[in-house]
Amino acid sequence: MPSGKTLNSFEVREGDKGSADGKKAFKMTPRTYEATRVVAAIGVALWGAGVRNSPTVVCANLGFGLAQKYVVDFHKKAWNYNSHINAFMALLSITDAKKSDPDPADKHAVDSAVLAILQLYYATMYFQSGLAKLRVSGLQWGDGRTLRASLAEHGNMLGKHLSRLPQGALAGAASGSLAFELLFPLAMLTLWDKKTILGVMSVGFHSVIKATMNISFWHHSVFALPLFVAPADLRRTADKIQQFFERD
């Protein structure tokens, strides 16, 4: 499709439908998309290194926000693929906004609330995935036939080999993965003192999928260890790093 005018690095495609008021929709060009990825990567790298100031936080959030727009422009239903990253970063921005709070108790309360929301959000994504399987296939998803077909079609050498396992073994694996997704929120709430196990199980779950079907859910699993396994004094370490960068 031929492109139309380009304004401020956003391309207006002539075949695009505009909004309800008749205005043309703006689309990011590939070059702009790559630029936003660089901005996001720099912002996140500095933020993660302890440079938690306004420009860094804005660059990280804006970069990922624009990158998300590029994905959604391809397909409107893809909005929820990476949207949790945008939500997580916005929530973490709240904790940084409170870093100068003179009341340590109030600051700790905000940090704890944000962490709880992030953990619940993470668990909800699993639950949503399990519900989607039940909505589309019902309990039949657990009989192993869908898993066999997925391993045979999308699997690598190991995955294709596993697709030839007995039906009972595949049914057990499929039912186990479905139970893992549906019960993750409940397990998080009832086994809180063992949350480290949940984080390790989450990493293992996605590692098996990657190893058999080469499907990467890095944008989800990357949060497992920080949210469920990271030591309690991690914030203290982050504060020390920030103080290093803020020295006169």
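Counting from 1, the numbers follow the sequence of the chain as shown.
Proximity of a side-chain donor or acceptor of Ser112 to a complementary backbone N or O of Ala109 within less than 3.5 Å is not detected. The closest donor-acceptor contact from the side chain of Gln119 to the backbone of Phe228 lies at 3.5 Å or more, if one exists at all.
When hydrophobic clusters are built by joining Ile, Leu, Val, Met, Phe, Trp and Tyr residues whose side-chain heavy atoms come closer than 4.5 Å, directly or via intermediates, Leu183 is not grouped with Phe180. Hydrophobic clustering, with ILVMFWY side chains joined whenever heavy atoms are under 4.5 angstrom apart, groups Phe223 together with Leu91. Placement of Val44 and Ile85 within a single hydrophobic cluster is found when ILVMFWY residues are connected by side-chain heavy-atom separations under 4.5 Å, directly or transitively. Note: the hydrophobic cluster containing Leu191 does not contain Leu186 (ILVMFWY, side chain heavy atoms under 4.5 Å, direct or indirect links). Hydrophobic clustering (ILVMFWY, side-chain heavy atoms < 4.5 Å, transitive): Val222 and Phe64 are in one cluster.
Here Leu147 contributes atom CG and Met213 contributes atom CE; the two are 6.0 Å apart, rounded to the nearest 0.5 Å. Note: Leu131 CG to Tyr126 OH = 15.0 Å, rounded to the nearest 0.5 Å. In this structure, Met188 CE and Tyr122 OH are separated by 11.5 Å, a value rounded to the nearest 0.5 Å. Atom OG of Ser202 sits about 11.5 Å away from atom CZ of Phe217, to the nearest 0.5 Å. The structure places OG of Ser175 at 10.5 Å from CG of Leu170, a figure rounded to the nearest 0.5 Å. One distance of note links CZ of Arg148 with CG of Leu151; it measures 9.0 Å at 0.5 Å rounding.
In this structure, Ser221 and His206 approach most closely via the heavy-atom pair CB-CD2, 3.3 Å. Scanning all heavy atoms of the two residues, the minimum distance from Asn156 to Ala211 falls at ND2-O, 2.7 Å. What you find for Thr212 and Val208 is that their closest heavy atoms are OG1-O, 2.8 Å. Closest non-hydrogen pair, Gly199 versus Ala224, comes out as O-CB, 3.7 Å. Ala152 approaches Ser163 most closely through the heavy-atom pair N-CB, 3.8 Å. Here the closest heavy-atom approach between residue Cys59 and residue Gly43 is recorded as CB-CA, 4.3 Å.
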List the steps, then state whether side chain to side chain contact (heavy atoms under 4.5 Å, CB included) holds for Ile94 with Val110.
CA-CA 8 Å; Ile94 296 175; Val110 172; 4.1 Å; yes

Can you check side chain to side chain contact (heavy atoms under 4.5 Å, CB included) on Ser177 and Trp141, steps first, answer last?
CA-CA 10 Å; Ser177 64; Trp141 199 93; 3.5 Å; yes

Apply the test side chain to side chain contact (heavy atoms under 4.5 Å, CB included) to residues Asn61 and Asn86: give CA-CA distance (whole Å), side-chain angles for both, the deciding distance (0.1 Å), then the verdict.
CA-CA 7 Å; Asn61 279 276; Asn86 302 108; over 6 Å; no

Would you check, one step at a time, whether the test side chain to side chain contact (heavy atoms under 4.5 Å, CB included) holds for Leu178 with Leu134?
CA-CA 9 Å; Leu178 183 61; Leu134 291 179; 3.8 Å; yes

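In this structure, a donor-acceptor pair under 3.5 Å is present between the side chains of Lys210 and Asn214.
In the displayed structure, Gln140 atom CD is contacted under 6.0 Å by at most 12 heavy atoms of other residues, nucleotides or ligands.
Residues Met125 and Glu181 are not in side-chain contact: their nearest non-hydrogen atoms beyond the backbone lie 4.5 Å or more apart.
With ring centers used as reference points, Phe127 lies 6.0 Å or more from Phe184.
Relative orientation of the His219 and His84 rings is tilted, given thresholds of 30° and 60° on the angle between their planes.
Using a cut-off of 4.0 Å between Lys/Arg side-chain N and Asp/Glu carboxylate O, Glu34 and Arg31 are scored as not salt-bridged.
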